[in-house]
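Okay, so here's the structure we're looking at.
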Amino acid sequence: MARERPPGAPAVGRRQRGGPPLRRGFIGSARGAGGGGSGLPACCEGRPGGHGGTWHRSRDAGGRDGTGEGVGRRRPGPRRGRGSGRVAGEGGGVPGRPLRPSGHVRRTGHEGHRRGRRPQGREEPLESTTRRPEGASVSLRVRFAPSPTGYLHVGGARTALFNWLLARKEDGVFVLRVEDTDQARSRDEHTEAILHGLSWLGLDWDEGPYFQSDGVERHRAAALQLLEEGKAYRDFSDPDEIRAEAERRQKHASRVARERADALPDGEAEERAEAGEPHAIRFRVPAGETRFSDRVHGTMRFGNTDIDDLVILRSDGTPIYNLAVVSDDHEMGINLVLRGDDHLSNTPKQVLLYRALGYPEPEFAHVPLILGADGKRLSKRHGATAVGDYEEQGILPEAMRNFLALLGWNPGDDREVFLEVEELVEAFSSERILKKSSVFDTEKLEWLNGRHLAEMPAGELLDRVHGRLRSVEHADAALLADEAWMTRLVDLLKVRSRTVDELADGALPFVRTELVFEEKAVAKHWEKDPPAAEERMKRLLEVLEDTEWALDPLEEAIRGVADELDVGAGKVIHPLRLAVTGRQSSPGIFQVLVLLGRGRTLERLRNGLERVRAL
RNA sequence: GCCCCCAUCGUCUAGUGGCCUAGGAUAUCGCCCUCUCACGGCGAAGACCGGGGUUCGAGUCCCCGUGGGGGUACCA
């Protein structure tokens, strides 16, 4: 059933062409635009025209790319050969401005991958239950399906990463679908944040984003099909009432609902439905046992008596998640559903729906959740949980990706630092995904980030550093604009920083015209013995006037001063460092001086001398 | 309550019956390098949740506990 391009999933999708205007027409904004009305009615009212409308509109608009080309991948990598200081990579751009979801995605190089390995001759790694016509190889189709009810959570990001990694590795297709059927909680803003987060991580999708809400008609049709085939029933009962009765009788609520439905005389349900009486549609869970195989957990078995007759269509006519995913995953030809462990118990329900609907079942892979430092589910109280938070803290997307990949997975050898994403793609395999949930350890993240930072060419770091220096007071604009000089500076700082923030902080003494003096350092290197400090600095000033401004001569001169005054080099270097940087620590002093230049060095030294004299 | 999943140093993990006196990484501590801070090098300390089995032999297989997590919605 080579569903290379599912009929409705369209060869189109909503490509994020140029800009942020992400889809002003769907639920969230439609509601918002309504101006304060209650949520539900607005949505329902908007449905026929609204949803469908946007779908078609964008389909038309997207007509130019019926090729199925990836969204983010197509853009000629803005990153290479960027000449001007224009921010290309990390969305650094203007803070707060909605970023284009994929336009700025760093090219990941997987295209080379694709070219290099055609799926044809290879053994098909996907043991899908889906049988295909002999010879035809069906490529892996995976998806990431976040619901826009919050920002991109690190757990979600990891799930997305695994899917992406697998798709790239197996030459498959990575589909992005936004599950926005929870009208009350879904928001455009969140969708944007999620797309931005994915793009930031370099996880470009090949299709989508599709919006689940666009499929409601199809979902509804599926529910109706089940109803017609007697695999589902109409439930006219009041939820609260059912719950109460279920409690009284110690039964599952859904079984009570089923009893009531079954007790209805023939034809009555149809009549009442016809008459417009509101009711939900419930799936009738068959007797027996439901099994499915899971790539990480192996064979899973659930007794059907433990599975409720789930509602598949609400009384307002909107579909419920479990039905919507099944319908969508089928529609989009997803053949491996890799998602969080929290869906494990949803899976038998979905498997049952696949079977009832006559859809081929995909394979499943449930990856463990990510926990906080206390072993509890990662949540806000553990600090930053949104990938955007880490972006702000100056974590590099490369490092984040690397770190996330290592959470619940390992390459089977000692490698931990994957500088190139290609290496990660190469090493990744779903067989090595762990079952155990893991704790999100920010210390290790920062260590990894430090490693990436140290290895990254300074030139590539420039934009990010600039982004953080933009609002610095007393900044020397000329220096900031001097790319060559900034590169040298970043080169000195990157190895001693764990985050871009830290790096930018280290740059402060160099790019500011006014120094801020660390009290601790002043106390230690000046205040303790002002006359000595004064003497050393004075002498330095004299000597440096005539020293050739280069690494070796400077070192020679400064050590010479120390010898002359008969003290260790540190005794003259510390007061000097304090004078020229205001700090207790900095990159190697000779390099600092070279970078600062004679003029600024001497000026700062003079100012320092004055300060010392005033002590 | 019921169903399901999981369980090796603080943390990330290697380990698929003998190669384990349990390996690596991080974090911590010490030493070295050194003008400081980092980096780097060397070293220390640190774990098989408990109890039963199976086996000549168990971190590894089975059972029972315990602990943690997830689900149990007209949320996704």
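Per chain, numbering begins at 1; letters A, B, ... match sequence-line order. Predicted model, so just to flag it, every value in this text is computed and none were measured.
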Winner on side-chain proximity to Ser586(A), out of A27(B), A76(B), U36(B), is U36(B)
Side-chain (Thr581(A)) to main-chain (Arg583(A)) donor-acceptor, under 3.5 angstrom: yes
Taking the ring centre of each residue, are Phe418(A) and Phe428(A) less than 6.0 Å apart? no
Measuring from the side chain of Leu407(A) (C-beta onward, heavy atoms only), which nucleotide among C12(B), G68(B), C37(B) has the closest atom? C12(B)
Counterpart base for G30(B), defined by Watson-Crick or G-U wobble contacts under 3.5 Å: C42(B)
Side chain to side chain contact (heavy atoms under 4.5 Å, CB included) evaluation trace for Leu453(A) with Arg498(A): CA-CA 7 Å; Leu453(A) 216 44; Arg498(A) 297 203 134 190; 5.8 Å; no
Checking all strands, does Phe302(A) fall into the base, sugar-phosphate, or nothing category for heavy-atom contacts under 4.0 angstrom? sugar-phosphate
Proximity to the side chain of Asp182(A) - top-ranked nucleotide from A76(B), A25(B), G71(B): A76(B)
Do any side-chain nitrogens or oxygens of Thr305(A) fall under 4.0 Å of OP1 or OP2 in C3(B)? no
Could you tell me whether a side-chain N or O of Lys538(A) sits under 3.5 Å from a main-chain N or O of Leu609(A), the two making a donor and an acceptor? no
Atom-pair distance (CD1 on Ile370(A); P on G69(B)), nearest Å: 16 Å
Using a cut-off of 4.0 Å on non-hydrogen atoms, how would the nucleic acid contact of Ile589(A) be classed: base, sugar-phosphate, or nothing? base
Of Glu443(A) and Lys435(A), the one whose nearest nucleotide on RNA chain B sits closer to the 5' end is Lys435(A)
Reckon His366(A) has a side-chain N or O less than 4.0 Å from the OP1 or OP2 of C5(B)? no
Please state the P separation for the pair U26(B) and G40(B) - nearest whole angstrom. 8 Å
Applying a 4.0 Å non-hydrogen cut-off, can you work out what Pro587(A) is touching in the nucleic acid: base, sugar-phosphate, or nothing? base
Between A7(B) and G41(B), how far apart are the C1' atoms? Round to whole Å, please. 36 Å
Nearest nucleotide by nearest heavy atom, which residue falls closer to the 5' end of RNA chain B, Arg559(A) or Leu369(A)? Arg559(A)
Find the partner of C48(B): check Watson-Crick (N1-N3 plus N6-O4 or O6-N4) and G-U wobble (N1-O2, O6-N3) distances, both under 3.5 Å, and reply none if neither fits. none
CG of Asp306(A) versus C1' of G1(B): gap in Å, rounded? 12 Å
Any donor-acceptor pair under 3.5 Å joining the side chain of Lys444(A) to the base of A25(B)? yes
If you compare every side-chain N and O of Arg432(A) against the phosphate oxygens of G15(B) (OP1, OP2), does one of them come in below 4.0 Å? yes
Here the distance between atom C1' of U26(B) and atom CG of Leu448(A), to the nearest Å, is 9 Å
Heavy atoms only, 4.0 Å cut-off, all strands: where does Arg583(A) land among base, sugar-phosphate and nothing? nothing
Can you figure out which of A27(B), A76(B), C35(B) approaches the side chain of Ser147(A) most closely? A76(B)
Within 45 degrees of the ring normal and closer than 6.0 Å to the centroid, is that where the cationic atom of Arg272(A) sits relative to Phe236(A)? yes
May I ask you to evaluate whether Arg415(A) reaches the phosphate of G24(B), defined as a side-chain N or O under 4.0 Å from OP1 or OP2? no
Would you say A76(B) has OP1 or OP2 under 4.0 Å from some side-chain N or O of Arg314(A)? yes
Could you state the atom-to-atom distance from CD of Gln350(A) to C1' of A76(B) in whole Å? 11 Å
Using ring centroids (six-membered ring only for Trp), state whether His190(A) and Tyr151(A) fall under 6.0 Å. yes
In whole angstrom, give me the gap between the C1' atoms of G51(B) and C4(B). 24 Å
Of all heavy-atom pairs between Thr347(A) and Arg339(A), which one has the smallest distance, and what is that distance? OG1-NH1, 3.1 Å
Closest approach of Leu226(A) to Leu353(A) (non-hydrogen atoms, all atoms of both residues): CD1-CD2, 3.8 Å
Using only modelled atom types and a 3.5 angstrom limit, is any donor from either the side chain of Ser315(A) or the base of C74(B) paired with an acceptor on the other? yes
Hey, does Gly340(A) reach any base, or is it just sugar-phosphate, or nothing, if we go heavy atoms under 4.0 Å? nothing
Consider the side chain of Asp342(A), meaning its heavy atoms from C-beta on, and name the nucleotide among G70(B), A76(B), C74(B) that approaches it most closely. G70(B)
Pick the P atom in G59(B) and in G53(B), then give their distance to the nearest Å. 15 Å
Check the distance between A14(B)'s P and Ile433(A)'s CD1 and give it to me in whole angstrom. 12 Å
Here the distance between atom P of A27(B) and atom CZ of Arg451(A), to the nearest Å, is 11 Å
Should Arg377(A) be listed as having a side-chain N or O under 4.0 Å from OP1 or OP2 of G70(B)? yes
Phosphate oxygens OP1/OP2 of A76(B): is one of them under 4.0 Å from a side-chain N or O of Thr149(A)? no
Contact check, residues 276-290 of chain A vs RNA chain B, heavy-atom distance under 4.0 Å, returns Ala280(A), Arg282(A)
Winner on side-chain proximity to Trp447(A), out of A76(B), U26(B), C74(B), is U26(B)
What about the rings of Tyr321(A) and His343(A), do their centers lie closer together than 6.0 Å? yes
Considering every strand and a 4.0 Å limit on heavy-atom distances, what is the contact class for Lys571(A): base, sugar-phosphate, or nothing? nothing
Only one of Asp309(A), Asp262(A), Asp235(A) clears salt bridge (Lys or Arg N to Asp or Glu O under 4.0 Å) with Arg284(A); which? Asp262(A)
Let's see if you can work this out: which of U36(B), G10(B), G69(B) has an atom nearest to the side-chain heavy atoms of Asp441(A)? G10(B)
To the nearest Å, give me how far apart CD1 (Ile312(A)) and C1' (A73(B)) are. 15 Å
Can you measure Leu434(A) atom CG to U60(B) atom P for me and round it to whole angstrom units? 17 Å
With a non-hydrogen cut-off below 4.0 angstrom, is Ser237(A) in contact with a base, only sugar-phosphate, or nothing? base
pair_partner(G18(B)), Watson-Crick or wobble, both distances < 3.5 Å, evaluates to C56(B)
Where the side chain of Arg498(A) is concerned, which of C35(B), A76(B), U26(B) is the nearest nucleotide? U26(B)
Between Asn346(A) and G71(B), is there a side-chain N or O to OP1/OP2 distance below 4.0 Å? no
Minimum-distance pair of heavy atoms, taken over all atoms of Leu445(A) and Phe440(A): CD1-CZ, 4.2 Å
Ile320(A) has a side chain; which of A76(B), C35(B), G10(B) sits nearest to it? A76(B)
For a quick check, tell me whether the side chain of Arg577(A) and the base of C35(B) share a donor-acceptor pair closer than 3.5 Å. yes
Counting only side-chain heavy atoms from C-beta out, which of C39(B), U13(B), C35(B) sits nearest to Asn410(A)? U13(B)
Looking only at atom types and distance, does a side-chain atom of Lys231(A) sit under 3.5 Å from a main-chain N or O of Ala356(A), one as donor and one as acceptor? yes
Report yes if at least one side-chain N or O of Arg185(A) is closer than 4.0 Å to OP1 or OP2 of A76(B); otherwise report no. no
